[in-house]
Amino acid sequence: MPELPEVETVRRGLAPAMEGARFARVEARRADLRWPLPKDFVARLEGQTVTGLGRRAKYLLADLTSGEVLVMHLGMSGSFRVSQDDRRHPEVAAKRPSKDDHSRRRPSRLAALAPQGDGTDLAAYYHDKGRLAAHDHVVFHMSNGAVVTFNDPRRFGSMKLVKRAEIEREPLLRALGPEPLGNAFDAAMLAAACAGKKTSLKAALLDQTIVAGLGNIYVCEALYRAHLSPKRRASTIADRKGAPNERAAALVDAIKAVLNDAIAAGGSSLRDHRQTDGELGMFQHNFRVYDREGEACRMRGCKGTIRRFVQNGRSTFWCPACQR
DNA sequence: CAAAGTTCCTGCGAGC
DNA sequence: TGCTCGCAGGAACTTT
């Protein structure tokens, strides 16, 4: 699923559920996502409060009171879902008593687990396998009643705990290029990074060490908006000294515009991406080339047709008529 | 069949 | 010529 706009959409959805809340209980239902979770993963999370939820490129970063950072990546098919366990509120639970309600079956466990009275003691309420779906690998039961569930069929996603003080040295983050929506990302920077590159412009934009957060969809869309061919050599957006030309400026503007548009639309929903409330992202309806092979180019004055070809093992969609 | 991502490995060319 | 070194491209991971 997830490129920068989808991850940012997820971050915004998770923030109200997680920031300022404590991990009352954590379930690691699979020990292996992309890599094995640390053996003490649950212990290092439970009891910690999330002081902030940030994003770097396609990574989500949850700062914890322990001084560690929970680094999360959605891979290709990962998604987070936030639900509210209303049974933790006695007045709500009382309105609909049920013989099947797990909370009624566990009074003794509840009492045994009730050291604090603000959520931790109610953790037993949350355990409800009937609510879990296939590929729900990690579940965060927050002290505010929010239940945050990580689902990832392909398990290319990952979670890792890193000390805040060592975050700059973290291998996953260390080599990342600038944020495409940040001030550091401009025509001069992009041109300098592409100067001397023998690879294609498309491959350069997918290279997370040049600019961090773009993926296959938004690279295709940005190149289209900038009228630049994905086959063009990356070095041709710079002059011989590495200074930016007009192509670099157009490309930077196109990248920022398409990412901002996509974030405003809640990201793109193809197979797996959902906003954390389960709503679909909407930006897929605004794709101009991605997955539009054979359709007429919609660029003003262009009579071209959108084509697809495989580049570095991945589908590239473009208009050969207006992208040069 | 092809898929929104990242890491690891191999092969090639440049340069010493 | 031969040997590094770095870059570019491809495979692998997994499930639907």
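Since the model is a prediction, treat every value here as computed from it, not as a measurement. Chain naming here is simple, since letters A, B, ... match the order of the sequence lines and numbering starts at 1 in each. Computation of the quantities below employed the complete heavy-atom set of this structure, encompassing side-chain atoms and omitting hydrogens, waters and symmetry-equivalent molecules.
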Between [atom2] of [N] and [atom1] of [X], the distance in whole Å:
{"X": "A:L270", "N": "B:dG5", "atom1": "CG", "atom2": "C1'", "result": "14 Å"}
{"X": "A:R34", "N": "B:dG5", "atom1": "CZ", "atom2": "C1'", "result": "7 Å"}
{"X": "A:L173", "N": "B:dT7", "atom1": "CG", "atom2": "C1'", "result": "15 Å"}
{"X": "A:F317", "N": "B:dA4", "atom1": "CZ", "atom2": "P", "result": "8 Å"}
{"X": "A:K160", "N": "B:dG5", "atom1": "NZ", "atom2": "P", "result": "20 Å"}
{"X": "A:D152", "N": "C:dT14", "atom1": "CG", "atom2": "C1'", "result": "9 Å"}
{"X": "A:L280", "N": "B:dA4", "atom1": "CG", "atom2": "P", "result": "18 Å"}
{"X": "A:H135", "N": "C:dT14", "atom1": "NE2", "atom2": "P", "result": "13 Å"}

Q.
Strictly by Watson-Crick or wobble contacts shorter than 3.5 Å, is anything paired with C:dT16, and which nucleotide is it?
A. B:dA2

Q | Polar side-chain contact A:R154-C:dT16 base: donor and acceptor under 3.5 Å | A | no

Q) B:dA3 base to A:R314 side chain: any donor-acceptor pair below 3.5 Å? A) no

Q.
Go nucleotide by nucleotide along DNA chain B from the 5' end; which of A:W35 and A:S315 gets its closest nucleotide reached first?
A. A:S315

Q) A:K198 or A:P171: which one's nearest nucleotide on DNA chain B is closer to the 5' end? A) A:P171

With a non-hydrogen cut-off below 4.0 angstrom, is [X] in contact with a base, only sugar-phosphate, or nothing?
{"X": "A:L206", "answer": "nothing"}
{"X": "A:F283", "answer": "nothing"}
{"X": "A:S158", "answer": "nothing"}

Q) Taking the nucleotide of DNA chain C with the closest heavy atom to each, which residue, A:A203 or A:R155, is nearer the 5' end? A) A:A203

**Q.** Pairwise P distance for C:dT16 and B:dT6, with rounding to whole Å
**A.** 22 Å

(Q) Please give the distance between the P atoms of B:dA4 and C:dA8 as a whole number of Å. (A) 22 Å

**Q.** SB check A:E179 A:R56 (cutoff 4.0 Å)
**A.** yes

Q) Do A:D261 and A:R225 sit within salt-bridge range, that is, some charged N less than 4.0 Å from a carboxylate O? A) yes

Does OP1 or OP2 of [N] have a side-chain N or O of [X] closer than 4.0 Å?
{"X": "A:K197", "N": "C:dC7", "value": "no"}
{"X": "A:Y59", "N": "B:dT6", "value": "no"}
{"X": "A:S77", "N": "C:dT16", "value": "no"}

Q) With centres under 5.5 Å and planes under 30°, do A:F156 and C:dC13 count as stacked? A) yes

Q: Please state whether the rings of A:F150 and A:F80 are parallel, tilted or perpendicular, taking 30° and 60° as the class boundaries.
A: tilted

**Q.** Rounded distance [0.5 Å steps], CZ in A:R247 versus CG in A:L190
**A.** 13.0 Å

Q) Does the A:R288 side chain pair with the main chain of A:R298, one donor and one acceptor, at a distance under 3.5 Å? A) no

Q. Without hydrogens or angle criteria, can the side chains of A:R308 and A:S315 be said to hold a donor-acceptor pair below 3.5 Å?
A. yes

